[in-house]
Amino acid sequence: MTTKTSKDAAKFSEKLPSCVLCHAIRDIRAKKKAKRFKRLWPSFSYQNFRVEKELSKDGGAVWKASFPTLEKRIGVPIVVQSYQEKYLEMLLSGQAKQGSAKLVRHGRDWYILLSLTISVEEKQGKKIMGVDLGLIDLLVASVNGQTLFFSGKGLAYTRRHYAELRHRLQKAGAYRALVRLGDKEHRWVTDVNHKISKALIDFAIAHGVTKIRLEDLTGARWTNPQRKEQRKDHGRSLHYWPYYQLRKFIEYKAALAGIQVELVNPDLTTLTCSRCGEVRRSRPKGRWFKCPRCKKIKHIDVNAADNVAQAVSGLAA
């Protein structure tokens with residue numbers, strides 16, 4: 001696209017305000033490696049999009065989004081969740097800086113995607129929490145003897161359930177239903193990761209944690225060998241393990257809480273005794289780690305989480 005002004009862009013677009021067209025030009029230029037044409041949802045800069053709060057007659061608050069249209073500027077009432085009000089209040093008070101906004105439609109509902117920049121004071125101290133990620137237990141966190149577990153049974157069951165439904169729909173040739181099913185599964189997994197990451201950060205705050213250490217599992221799908229039957233099992237295959245999304249959710253939620261996040265080399269975290277440092281030759285069978293030297297017995301994932309906290313194999317490059 002070689003257009004430089006909103007007047008040029010209007011030749012290729014439906015009727016839209018010039019500020020929206022100018023923002024679209026910037027969005028398109030940013031996608032230099034685009035391989036196909038795609039409709040873009042209208043975007044607004046911080047200069048022409050505003051969030052406003054008005055008091056209703058009954059003493060409550062009504063939130064509105066104000067943006068320009070072809071005819072005039074309008075204010076549309078919006079539904080704001082309680083956890084979102086905190087950040088919108090920060091925006092109105094000047095504690096947060098507004099970025100771009102995007103108006104999108106999902107089904108019959110319209111949503112506003114609003115980016116904010118918030119200054120967060122980093123927590124001081126040296127209390128480190130280790131987090132082990134896996135398939136049987138999705139996440140195990142450990143700090144000073146306190147642990148938090150999230151079982152992977154529910155995710156494994158749901159993955160298998162959707163895999164069976166996909167198989168049936170493929171046989172029936174119901175391709176539209178397949179697309180809807182994929183979207184539904186993705187939303188469910190995303191919701192699970194949001195809940196796990198929120199609970200983890202709440203746990204960290206409650207125990208005064210200043211730094212979280214996670215395993216760097218980049219490339220784990222390709223470097224960790226799996227048996228053929230395990231690869232085919234949608235509930236236990238690494239190819240269906242949403243660890244990267246979970247990691248990103250943990251990172252941004254930790255940043256909002258002023259907690260640092262470091263990535264650790266995962267080598268030897270499962271084989272090393274977190275108490276004395278003895279390294280076993282092979283992974284222990286079952287769910288318990290028994291040290292051959294100091295005889296310490298600990299849950300295998302808690303032992304790994306403690307090793308992650310100590311960064312026994314060093315920080316990731």
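Quick note: residue numbers are just sequence positions, from 1.
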query: Considering residues, nucleotides and ligands other than Lys102, do more than 12 of their heavy atoms fall under 6.0 Å from its NZ?
result: no

task: Indicate yes or no for a side-chain donor-acceptor contact from Arg213 to the backbone of Ala305 under 3.5 Å, with no hydrogens or angles considered.
output: no

- request: In plain terms, say whether Lys53 and Glu89 are close enough for a salt bridge, that is, a side-chain N and a carboxylate O under 4.0 Å apart.
  value: yes

- prompt: Listed by chain and number, what are the side-chain hydrogen bond (donor to acceptor under 3.5 Å, both in side chains) partners of Arg168, not counting sequence neighbours?
  reply: Glu164

Side chains of residues 144-152: which donor-acceptor partners sit under 3.5 Å, not counting sequence neighbours?
{"from": "Ser151", "atom 1": "OG", "to": "Lys153", "atom 2": "N", "distance (Å)": "3.2"}

- request: Please report the shortest heavy-atom distance between Val51 and Trp63, naming the atom on each side.
  value: CG1-CE3, 3.8 Å

- line: Asp216 and Thr218 have their tightest heavy-atom pair at OD1-OG1, 2.7 Å

- request: With Asp137 as reference, evaluate Leu133, Leu139, Val140 under the side chain to side chain contact (heavy atoms under 4.5 Å, CB included) test and give the passing residue.
  value: Val140

- request: State the CE-CG distance between Met129 and Leu214, to the nearest 0.5 angstrom.
  value: 8.0 Å

- prompt: If you round to the nearest 0.5 Å, how far is CD1 of Ile78 from CG of Leu88?
  reply: 6.5 Å

statement: Contacts of Trp110 meeting ring-ring contact (aromatic ring centres under 6.0 Å, His included) (sequence neighbours excluded), chain-then-number -> Trp41

task: Measure up the Phe203 and His207 rings against each other and bin them: parallel (under 30°), tilted (30 to 60°), perpendicular (over 60°).
output: tilted

- line: For Gly125 and Thr210 the tightest heavy-atom approach is O-OG1, 3.2 Å

message: Can you tell me how far apart CD1 (Ile112) and CZ (Phe44) are? Round to the nearest 0.5 Å.
response: 8.5 Å

query: Which atom names give the shortest non-hydrogen contact between Cys276 and Arg293, and what distance separates them?
result: O-NH2, 2.8 Å

field: side-chain contact (heavy atoms from CB on, under 4.5 Å) between Arg73 and Arg50, worked out
entry: CA-CA 11 Å; Arg73 187 176 192 89; Arg50 291 197 298 268; 3.2 Å; yes

task: Locate the shortest heavy-atom distance separating Leu217 from Tyr243; write the atom from each residue and the value.
output: O-OH, 2.8 Å

statement: Sequence neighbours excluded, the answer for side-chain hydrogen bond (donor to acceptor under 3.5 Å, both in side chains) partners of Ser274 is Lys298, Asn303

task: Identify, with sequence neighbours excluded, every residue that meets ring-ring contact (aromatic ring centres under 6.0 Å, His included) alongside Tyr162.
output: none

message: Under 3.5 Å, is there a donor on one side chain and an acceptor on the other for Asn307 and Thr272?
response: no

- prompt: Do Glu52 and Lys64 meet the salt-bridge criterion of a basic N to acidic O distance under 4.0 Å?
  reply: no

Hey, can you pull the donor-acceptor pairs under 3.5 Å for the side chains in residues 192-202, sequence neighbours left out?
{"from": "Asn193", "atom 1": "ND2", "to": "Pro242", "atom 2": "O", "distance (Å)": "3.4"}
{"from": "Asn193", "atom 1": "ND2", "to": "Gln245", "atom 2": "OE1", "distance (Å)": "2.7"}
{"from": "His194", "atom 1": "ND1", "to": "Lys253", "atom 2": "NZ", "distance (Å)": "2.9"}
{"from": "Lys195", "atom 1": "NZ", "to": "Asp191", "atom 2": "OD2", "distance (Å)": "3.1"}
{"from": "Ser197", "atom 1": "OG", "to": "Asn193", "atom 2": "O", "distance (Å)": "2.8"}
{"from": "Ser197", "atom 1": "OG", "to": "His194", "atom 2": "O", "distance (Å)": "3.0"}
{"from": "Ser197", "atom 1": "OG", "to": "Lys253", "atom 2": "NZ", "distance (Å)": "3.3"}
{"from": "Lys198", "atom 1": "NZ", "to": "Asp202", "atom 2": "OD2", "distance (Å)": "3.1"}

message: Is there a side-chain contact (heavy atoms from CB on, under 4.5 Å) between Leu91 and Leu116? Walk through the geometry before answering.
response: CA-CA 8 Å; Leu91 176 62; Leu116 300 176; 3.9 Å; yes

